[in-house]
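It should be emphasised that the depicted structure is a prediction, and the values quoted were computed from it without experimental measurement.
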Amino acid sequence: MKNPIKSITKKEWGILICSILIIGISNLVTGNVNMLMLLAAWIGVNSLVLAAKGNVWAQILMVVFSILYAVISWTFRYWGEMITYLGMTLPMAVCSTITWLKNPSENGKDLVLIVLWILASFESPDYIPVVINFAIFLLNDMYGFLCWRKRELSVS
């Protein structure tokens, strides 16, 4: 496996650094830094940038993110989210990722998660960073889709 850091472009470094900073700041603003949420978000963002490049490390990081996010979902009793993300760690997750990349309407799931965690944030502002996280994921997912679409067009 190649070193994933060597392949990241300046534009992607910008996306990654901005994403990490926004997530970090959103955690600080709530006044209660949750290291599990912070770590999960940073791992997730890195995974999405690497997925846009087609790097295998993206899948490894997404498995780690999925496990951490399942724990976060469990703390708010979002059982369906917990089961969904733990299910994403199964071997079939690779197939679902390929399907997701071919189907941009799947990005709608980020919008659903944003609304879901906004509702949780009404109960506890500690979940505001999760809302920010999924908003950033939506932007990074769109970047990844554009990268894969560009690859697809260059092959045809």
V130 vs M37, test: side-chain contact (heavy atoms from CB on, under 4.5 Å). Steps then yes/no. CA-CA 7 Å; V130 182; M37 286 186 212; 3.4 Å; yes

Quick one, F134 with F137, criterion side-chain contact (heavy atoms from CB on, under 4.5 Å). Give me CA distance, side-chain angles, the key distance, then yes/no. CA-CA 5 Å; F134 280 109; F137 273 29; 4.0 Å; yes

Please round to the nearest 0.5 Å and tell me the distance separating atom [atom1] of [X] and atom [atom2] of [Y].
| X | Y | atom1 | atom2 | result |
| --- | --- | --- | --- | --- |
| M142 | C147 | CE | SG | 12.5 Å |
| N133 | I128 | CG | CD1 | 13.5 Å |
| E152 | R149 | CD | CZ | 4.5 Å |
| I60 | I43 | CD1 | CD1 | 12.5 Å |
| I23 | L28 | CD1 | CG | 12.5 Å |
| S26 | I136 | OG | CD1 | 6.5 Å |

So do the side chains of L38 and P129 get within less than 4.5 Å of each other, counting heavy atoms only? no

Do the side chains of [X] and [Y] join up, straight or via other hydrophobic residues, at under 4.5 Å, putting them in one cluster?
| X | Y | result |
| --- | --- | --- |
| I17 | I25 | no |
| L39 | I22 | yes |
| V64 | I5 | yes |
| I72 | I118 | yes |
| F122 | L113 | yes |

Looking only at non-hydrogen atoms, find the nearest pair between [X] and [Y] and report the distance.
| X | Y | value |
| --- | --- | --- |
| L36 | N34 | N-OD1, 3.0 Å |
| A58 | S47 | O-OG, 2.8 Å |
| V131 | S121 | CG2-OG, 3.6 Å |
| S7 | N55 | OG-ND2, 4.3 Å |
| K53 | E12 | NZ-OE1, 3.0 Å |
| A120 | Y127 | O-CD1, 4.0 Å |

Do N46 side-chain atoms and W42 backbone N/O form a donor-acceptor pair below 3.5 Å? yes

Quick one: does W148's side chain have a donor or acceptor within less than 3.5 Å of a partner on A51's backbone? yes

Is there a side-chain contact (heavy atoms from CB on, under 4.5 Å) between W13 and K11? Walk through the geometry before answering. CA-CA 5 Å; W13 273 113; K11 177 172 66 173; over 6 Å; no

Below 30° counts as parallel, above 60° as perpendicular, anything between as tilted: where do the rings of Y78 and F76 land? perpendicular

Go through the steps for V56 and L50 under the test side-chain contact (heavy atoms from CB on, under 4.5 Å), then give the verdict. CA-CA 8 Å; V56 71; L50 293 175; over 6 Å; no

